Number of protein chains: 2
Amino acid sequence: MEHHRKEEGNVLAVNIKDVAEKAGVSISTVSRVLNNGKYVKQEVRLAVQQAIKDLNFVPNSIARSLVRKKTNLIGVIASDISTSFFSSTLSYIEEAASQNRYNILVGNIKDNLDKELKYLHVFKEMQVDGIIVMHEKMNKHIERFLQTLTTPTVFCSAKPRTTVDCPSVNIDDMQASYDTVKHLIALGHRRIAFIGGDTKEISTGRNRYDGYLKALVESGISVNPEWVRFGNFKMKDGYEIMQSFLQGEYLPTVVFAVSDDMAVGALNCIVDHGLKVPDDISVVGFDDSSITETVRPKLTSLHQPIQQIGQMSVDILIKMIEGNSPGVKEVVLSHKLVERDSLRSLL
Amino acid sequence: MEHHRKEEGNVLAVNIKDVAEKAGVSISTVSRVLNNGKYVKQEVRLAVQQAIKDLNFVPNSIARSLVRKKTNLIGVIASDISTSFFSSTLSYIEEAASQNRYNILVGNIKDNLDKELKYLHVFKEMQVDGIIVMHEKMNKHIERFLQTLTTPTVFCSAKPRTTVDCPSVNIDDMQASYDTVKHLIALGHRRIAFIGGDTKEISTGRNRYDGYLKALVESGISVNPEWVRFGNFKMKDGYEIMQSFLQGEYLPTVVFAVSDDMAVGALNCIVDHGLKVPDDISVVGFDDSSITETVRPKLTSLHQPIQQIGQMSVDILIKMIEGNSPGVKEVVLSHKLVERDSLRSLL
DNA sequence: GACGACTCTGAAAACGTTTTGATATATTTT
DNA sequence: AAAATATATCAAAACGTTTTCAGAGTCGTC
């Protein structure tokens with residue numbers, strides 16, 4: 001009855017002390033070989049490595065984090081990871097993080113601000129080294145939280161309120177929207193319907209709408225309020241809004257939606273009503289996500305460089321974490337229109 | 001020059017000791033109010049809570065995890081989260097976990113076994129309370145790792161090798177495949193092409209293929225090897241395989257693909273070649289993921305209850321973690337065919 | 001053969017919690 | 001009013017690492 005080793009349940013955890021004993025050295029020495037430190041005799045190093053192998057020892061990174069004050073964890077707030085845009089972005093974020101030996105904690109908030117706040121709290125308690133926010137809506141609580149938070153935070157494909165001081169990675173949404181509408185006009189379109197996003201709480205929604213307005217006004221085309229509706233970036237929204245357009249007195253010649261999902265909703269709605277895309281009505285989307293190629297006709301869409309956006313967000317965040325550098329305030333990446341089959345020229 | 005508080009960089013971390021001092025009590029007492037323990041005078045409790053608020057104190061869950069030996073972390077291995085099936089499943093897993101106060105660490109391995117092994121190691125080092133694996137390919141290393149791992153693990157929409165003893169949550173893939181092919185036969189189809197998945201390393205691929213074979217054999221239909229191809233569950237695979245079918249001497253009347261993505265690839269290929277679905281060729285998918293509704297004609301597909309699968313995986317895992325119960329070995333959920341517009345009857 | 005400069009090692013102090021005794025006071029039961 | 005119990009508190013140990021410090025050995029140089 002000698003051995004009362006620390007076994008809890010069935011799990012007998014082997015720790016650095018066990019390795020030290022087995023190898024006949026102190027735990028400091030084991031720690032040194034674990035971290036590839038200098039000043040360990042080759043012979044001793046080998047012995048320790050053997051002991052580690054024999055005992056199947058895996059260091060406890062919780063303990064390590066505690067003393068090092070570094071968890072190598074990045075918390076990510078996403079609005080809805082089941083969506084193609086966010087799941088792609090998330091996958092690029094994960095890739096970049098993993099290459100830098102960081103791991104990812106996901107908070108999928110489904111537009112629920114309470115859940116967002118809850119996750120921000122959890123991230124803080126878990127001592128994550130950094131946070132990436134892919135969501136823009138905010139309330140007082142979240143704003144205050146972010147203001148007092150010292151954990152490095154970057155906004156990815158979203159912009160913080162001016163009262164919150166975090167770098168962000170984006171495209172120039174207003175310019176992108178402006179450019180595509182200008183292009184539509186250049187193709188001879190005048191009846192240009194717009195399916196936007198939330199303009200009050202989401203800068204992305206606001207800016208894309210502004211770009212649309214600016215392009216029309218600049219070209220002397222009057223804005224028909226019947227042809228402007230706002231949804232929540234989902235396919236269903238696009239479908240329903242398109243339905244209302246189809247019931248109007250005049251039909252637009254093209255519909256510009258500020259997300260691919262909404263554009264596809266609109267496209268399907270048109271097709272389901274027996275009309276042809278792009279012969280009867282053209283459709284243009286935004287994001288250039290993978291859905292553009294799964295639909296027929298393939299969707300013309302404004303390309304966001306989401307791989308770059310994801311990777312850049314991580315790079316900046318890590319620089320803030322490791323470099324203590326003030327870093328950039330704002331990164332604006334370039335966009336372009338990718339032409340496929342859902343847009344035709346009227347000329 | 002009195003105050004040499006522990007500030008590192010700019011961050012001055014406030015800990016339980018600071019709260020204790022401010023409230024004029026010991027840290028044990030603070031800990032008790034933190035955990036809602038008994039034996040704290042109401043008056044003291046309020047004072048402590050006030051101190052917590054004043055100092056904006058957030059407990060360090062790393063330290064807590066260390067002593068409690070509980071991280072409330074679940075590690076998830078996913079093959080590819082940018083895919084609609086996995087991103088949906090992941091989102092249901094996240095939801096269930098979050099409701100039970102667990103947080104999720106994602107490892108997106110993109111079919112890279114080295115990355116999978118790396119993540120399994122990381123999960124172990126991070127002392128996650130449990131692991132969910134949504135991937136089936138394995139090599140010796142992973143197999144050995146899982147065999148010696150004491151962390152509760154469940155396979156979600158995947159089955160472990162018999163040499164690895166973990167519960168799994170699935171549908172009956174063979175029966176599901178059998179049922180749908182039988183249904184096709186009942187609709188008068190005889191020329192039934194099959195786009196399968198990996199049959200050697202993936203039980204899901206094997207079983208769905210077996211179901212196809214069994215249904216044909218049982219109905220006295222001979223298997224035409226020209227009409228059987230295997231892909232990797234991606235849209236592109238479905239497209240390319242369909243292309244080879246279209247170049248054959250005879251055309252099948254229906255194509256059954258074992259993932260929605262491959263089915264959509266096939267469907268698009270058919271449409272791109274100027275044929276009509278389902279008039280010329282019918283298409284049936286597998287998973288009933290959201291893509292079934294984004295495509296025209298809408299895709300008929302074998303429904304997997306992925307919400308249930310995700311939730312059940314988490315439930316079982318948590319039961320293993322908290323209950324120490326042996327728990328179930330295997331959960332088989334029910335499937336059904338969801339009829340949409342891509343399949344027609346020949347009768 | 002003394003001095004410094006490396007190399008190697010281990011004891012002990014941290015990191016921020018929870019938990020376990022121990023002790024003291026209040027309340028109830030006998 | 002003594003005994004038993006319940007309430008309230010704190011000091012100290014524990015969790016598994018890294019890191020600091022001090023000491024011991026080895027080497028080359030003057």
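A note on names: the letters A, B, ... follow the listed sequences, proteins ahead of strands, and every chain is numbered from 1. Since this is a predicted model, take the numbers as computed values, not measurements.
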With distance as the sole criterion, is a donor-acceptor pair present between the side chains of [X] and [Y] under 3.5 Å?
X      : Y      : result
B:E143 : B:T163 : yes
B:Q50  : B:D54  : yes
B:T204 : B:E136 : no

Out of A:K110, A:H121, A:H135, which residue meets the side-chain hydrogen bond (donor to acceptor under 3.5 Å, both in side chains) rule with A:E116?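 It is A:H135, the one option of A:K110, A:H121, A:H135 that forms the side-chain hydrogen bond (donor to acceptor under 3.5 Å, both in side chains) with A:E116.
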Return whichever of A:R68 or B:R45 has its heavy-atom-nearest nucleotide of DNA chain D closer to the 5' end.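 With A:R68 and B:R45 compared, the 5'-side residue is B:R45.
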Is B:I27 touching bases, backbone alone, or none of the nucleic acid, heavy atoms closer than 4.0 Å?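 B:I27: base contact, heavy atoms under 4.0 Å.
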Check every strand shown and say whether B:S31 touches a base, only sugar-phosphate, or nothing at a heavy-atom separation below 4.0 Å.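 Base: the residue B:S31, judged by heavy atoms under 4.0 Å, touches a nucleobase.
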Nearest-Å distance for atom pair [atom1]/[atom2], residues [X] and [N]:
X     : N      : atom1 : atom2 : value
B:I16 : C:dG16 : CD1   : P     : 11 Å
B:E21 : C:dG16 : CD    : C1'   : 14 Å
B:N60 : C:dT17 : CG    : C1'   : 7 Å
A:K41 : D:dA24 : NZ    : C1'   : 12 Å
B:D18 : C:dG16 : CG    : P     : 9 Å
A:R64 : D:dC15 : CZ    : P     : 19 Å
B:F57 : C:dG16 : CZ    : C1'   : 8 Å
A:R32 : C:dA11 : CZ    : P     : 11 Å

Can you find a side chain N or O atom of [X] that sits less than 4.0 Å from OP1 or OP2 on [N]?
X     : N      : result
A:S28 : C:dG10 : no
B:N35 : C:dT18 : yes
B:K69 : D:dG16 : yes
B:Y39 : D:dT7  : yes

Do you know which of B:C166, B:P167, B:S168 makes side chain to side chain contact (heavy atoms under 4.5 Å, CB included) with B:E330?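 With B:E330 as partner, side chain to side chain contact (heavy atoms under 4.5 Å, CB included) holds for just one option, B:S168.
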Nearest to the side chain of B:L34 - C:dT18, D:dT7, D:dT17?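 Between C:dT18, D:dT7, D:dT17, the one nearest the side chain of B:L34 would be C:dT18.
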Along DNA chain C (nearest heavy atom to each residue), the more 5'-positioned of A:T29 and B:L66: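 Its nearest nucleotide being more 5', the pick is A:T29.
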